[in-house]
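Notes follow the structure.
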Amino acid sequence: MTLWMQIALGAMALVALFYFGPRAGEAVKNSPKGSAKDWLGALLPIGGVVLFVLLLIWMAQS
Amino acid sequence: MNQDRVLHGRTEAGVLSTNRVLRNTYMLLSMTLLFSAMTAGLAMALNVGQGAGLICTLASLGLLWFVLPRFANSAAGIGVVFGVTGLLGFGLGPVLSYYLAALSNGGQLVMTALGGTGIIFLGLSAYALVSKRDFSFLGGFLFVGILVAFLAGIGAAIFGLSTLSLVVSAMFILLMSGMILYQTSAIIHGGETNYIMATVTLYIAIYNLFLSLLQLLAAFAGER
């Protein structure tokens, strides 16, 4: 990666940090809290995605 | 009078509005995906370099962060969406060219990542639509998680940390899966009534899923 690309990416990281950083705290504070059942309902399909990605990697390797 | 009819705890007008947002979102999403596939193909045909690809990606983020929010409630927002997705597709071209040239099974891996992304998106969307669960509680977690993963990804690219880059790809797959659940749930529960913003959110989720999946496949199954 050339120097100008590194500088451009670094500048983008700073913009993201200063633009979205303060909003991240607010988003966490204002977001509704989920119960254990809610989290389980979200983690179940995401666990399925993890297994599916592992299957894809295994299929691509063999 | 019919407007006040209640269906499963929601008014008929609310259900019709949700269906309209959902239909418009999926229609615009399919058009933007086709458009970005075309611009990616154009970038590959023109043999565009990594530098030009990066400039297009940065420009698309500028449009996404600073221009789209101003036009999201007007017809001009649709033009901005095509600008964002076209530039992201154009920036994707050099990445695809790299994988196709560097790996002997590059074509197979790109197609596997494409098909895998489609199956994950359809599966998660179907889960959110059928279960009708409310995933609004994921909002804060996703916001912070995506910001951390984004910054870590840039750090990995600047300093050439390949292991961190793979960790970030795995994080993005989990976060973008959560994003699909969150956004689809927001549409069906009336939390998102703007189909332009819904389209962009789902497009970004699909784009990142594809790129992250491709990187993981190339790292673990790529043949040089």
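All values reported here derive from a predicted model rather than from experimental measurement. Note: hydrogens, waters and symmetry copies are ignored here, and every other heavy atom, side chains too, is used. Each chain gets a letter, A, B and so on, in the order its sequence line appears, and its residues count up from 1.
A:Trp39 touches chain B through backbone and side chain together, each having a heavy atom under 4.5 Å away. Contact of B:Leu61 with chain A is made through the side chain alone, with heavy-atom distances under 4.5 Å. Within the 4.5 angstrom heavy-atom criterion, only side-chain atoms of B:Phe150, from C-beta onward, approach chain A. Only the side chain of B:Leu181 has a heavy atom closer than 4.5 Å to any heavy atom of chain A. For B:Ile119, the part sitting under 4.5 Å from any heavy atom of chain A is the side chain, from C-beta outward, and nothing else. Proximity to chain A (any heavy atom under 4.5 Å) is shown, for B:Glu223, by neither the backbone nor the side chain. With a 4.5 angstrom heavy-atom cutoff, B:Phe135 touches chain A only via side-chain atoms. Interface remark: B:Leu151 contributes side-chain atoms only to the contact with chain A (heavy atom separation under 4.5 Å).
Counting heavy-atom pairs under 4.5 Å between each of B:Ala113, B:Gly116, B:Gly62, B:Ala128 and chain A puts B:Gly116 at the top. Counting heavy-atom pairs under 4.5 Å between each of B:Gly115, B:Ser136, B:Ser185, B:Ala219 and chain A puts B:Ser136 at the top. The greatest number of non-hydrogen atom pairs below 4.5 Å with chain A, out of B:Val144, B:Ile146, B:Leu216, is found for B:Val144. Of the residues considered (A:Val15, A:Leu9, A:Val50, A:Leu44), A:Leu9 shows the highest number of contacts with chain B, using heavy-atom pairs under 4.5 Å.
Considering every non-hydrogen atom in both A:Gly41 and B:Tyr127, the closest pair reads O-OH, 2.7 Å. A:Lys37 and B:Arg133 get closest at one heavy-atom pair: O-NH1, 4.0 Å. Nearest heavy atoms, B:Ile158 versus A:Gln6: O-NE2, 3.0 Å. For B:Phe137 against A:Asp38, the heavy-atom pair with the smallest separation is CZ-O, 3.3 Å. Minimum heavy-atom separation, B:Ser177 to A:Ile46: CB-CG1, 4.1 Å.
No side-chain heavy atom of A:Val49 sits less than 4.5 Å from a side-chain heavy atom of B:Leu174. The shortest distance between side-chain heavy atoms of B:Ile173 and A:Phe52 does not fall below 4.5 Å. Between A:Met59 and B:Thr112 the shortest side-chain heavy-atom distance does not fall below 4.5 Å.
A side chain to side chain contact (heavy atoms under 4.5 Å, CB included) with B:Phe220 holds for exactly one of A:Leu56, A:Leu54, A:Ile57; it is A:Ile57.
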